[in-house]
Protein chains: 2
Amino acid sequence: MSLFGFSLRPRLPKSAQTAKDRLQILLAHERRDGSDGPDYLPMLQSDILAVIRKYVQIKQEDVDIRMERNDDISSLEINIEIPSPEQEAPARLRSRAKG
Amino acid sequence: MSLFGFSLRPRLPKSAQTAKDRLQILLAHERRDGSDGPDYLPMLQSDILAVIRKYVQIKQEDVDIRMERNDDISSLEINIEIPSPEQEAPARLRSRAKG
């Protein structure tokens, strides 16, 4: 069952040098015929970003969000460039350092 | 920048009748060359399911999870069948009903 109509194996255009870690999240919500249920994606968007921020500090400019909706499908794409550890001291480690 | 090498528009094999809402979440984490940073996906998996459960009651048997990892990319696919409202009284509504 793949809403994105492809297998899990991401086909990555291998950039010669990957400078940063990248995280991509794709969500698709297919509504059953005649369903007027809620559109979960706008609600999930901020929560998922909050979950990611639990593990890694990300700046707003490193986050790219695209959302699309048609009659029966809504889709949300979140692309995040993750600073390398040298550029980032996760909040948890810093707070431990202060503790 | 698409780790999944395709545009956001999900190509959905339109089943004649869509009986249930479906939610698909795909995560890909590309690690920069030489990076030995943490693999975020196992950590994100349970948190993302917890976020979804804030909005809709899902049974474990309605959740299908696949994870793959190679040298520079980990990917996680979560497929969820969402019961129709008639089959589901979201916890929040029920707790409000009790309130």
Side-chain angles (χ1 to χ4, degrees), chain A residues 1-38 40-41 43-44 47-48 50-52 54-56 64 66-68 70 72-82 84-85 88 90, chain B residues 1-38 40-41 43-44 47-48 50-52 54-56 64 66-68 70 72-82 84-85 88 90:
Chain A
M1 176 192 93
S2 170
L3 296 189
F4 286 94
F6 75 99
S7 72
L8 175 61
R9 191 168 316 287
R11 285 164 291 116
L12 177 70
K14 187 64 193 147
S15 50
Q17 250 289 339
T18 314
K20 281 190 169 185
D21 276 31
R22 295 191 298 166
L23 193 59
Q24 181 175 51
I25 299 115
L26 302 176
L27 294 98
H29 173 205
E30 181 199 30
R31 289 175 295 280
R32 53 188 171 74
D33 294 334
S35 151
D36 57 1
Y40 296 110
L41 300 193
M43 302 188 259
L44 290 174
D47 285 354
I48 284 179
V51 160
I52 292 167
K54 271 176 64 178
Y55 299 104
V56 61
D64 173 56
R66 283 174 238 187
M67 195 180 291
E68 290 190 20
N70 63 30
D72 46 14
I73 291 192
S74 302
S75 46
L76 170 67
E77 176 178 347
I78 304 173
N79 288 291
I80 302 172
E81 290 203 343
I82 302 174
S84 54
E88 171 230 340
Chain B
M1 177 192 93
S2 168
L3 297 188
F4 286 95
F6 74 100
S7 71
L8 176 60
R9 191 168 313 289
R11 285 163 294 115
L12 175 72
K14 186 65 190 140
S15 51
Q17 251 287 339
T18 314
K20 282 190 170 186
D21 277 32
R22 294 191 296 166
L23 194 60
Q24 181 174 52
I25 299 111
L26 302 177
L27 294 99
H29 174 204
E30 181 198 30
R31 288 173 295 282
R32 53 186 171 75
D33 294 335
S35 150
D36 57 0
Y40 296 110
L41 300 192
M43 302 188 260
L44 290 174
D47 285 353
I48 285 178
V51 160
I52 292 167
K54 271 177 60 180
Y55 299 104
V56 61
D64 174 53
R66 284 174 239 186
M67 194 179 294
E68 289 190 18
N70 64 29
D72 46 14
I73 291 192
S74 305
S75 46
L76 168 67
E77 176 179 346
I78 305 173
N79 287 291
I80 302 171
E81 290 205 340
I82 301 173
S84 53
E88 169 232 338

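A note on names: the letters A, B, ... follow the listed sequences, proteins ahead of strands, and every chain is numbered from 1.
A search for side-chain hydrogen bond (donor to acceptor under 3.5 Å, both in side chains) contacts involving Asp64(A) returns Arg66(A), not counting sequence neighbours.
In this structure, a donor-acceptor pair under 3.5 Å is absent between the side chains of Asp21(A) and Tyr40(B).
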Working for side chain to side chain contact (heavy atoms under 4.5 Å, CB included), residues Asp47(A) and Lys54(B): CA-CA 10 Å; Asp47(A) 285 354; Lys54(B) 271 177 60 180; 3.0 Å; yes
Take Leu23(B) and Leu41(A), measure what side chain to side chain contact (heavy atoms under 4.5 Å, CB included) needs, and give me the verdict at the end. CA-CA 9 Å; Leu23(B) 194 60; Leu41(A) 300 193; 4.0 Å; yes
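Across Val51(B), Ile52(B), Ile48(B), the residue that shares the most heavy-atom pairs under 4.5 angstrom with chain A is Val51(B).
How far NE2 of His29(A) is from CD of Gln24(B): 12.5 Å, rounded to the nearest 0.5 Å.
When each of Ile25(B), Leu76(B), Leu44(B) is checked for a side chain to side chain contact (heavy atoms under 4.5 Å, CB included) with Ile25(A), only Ile25(B) meets the rule.
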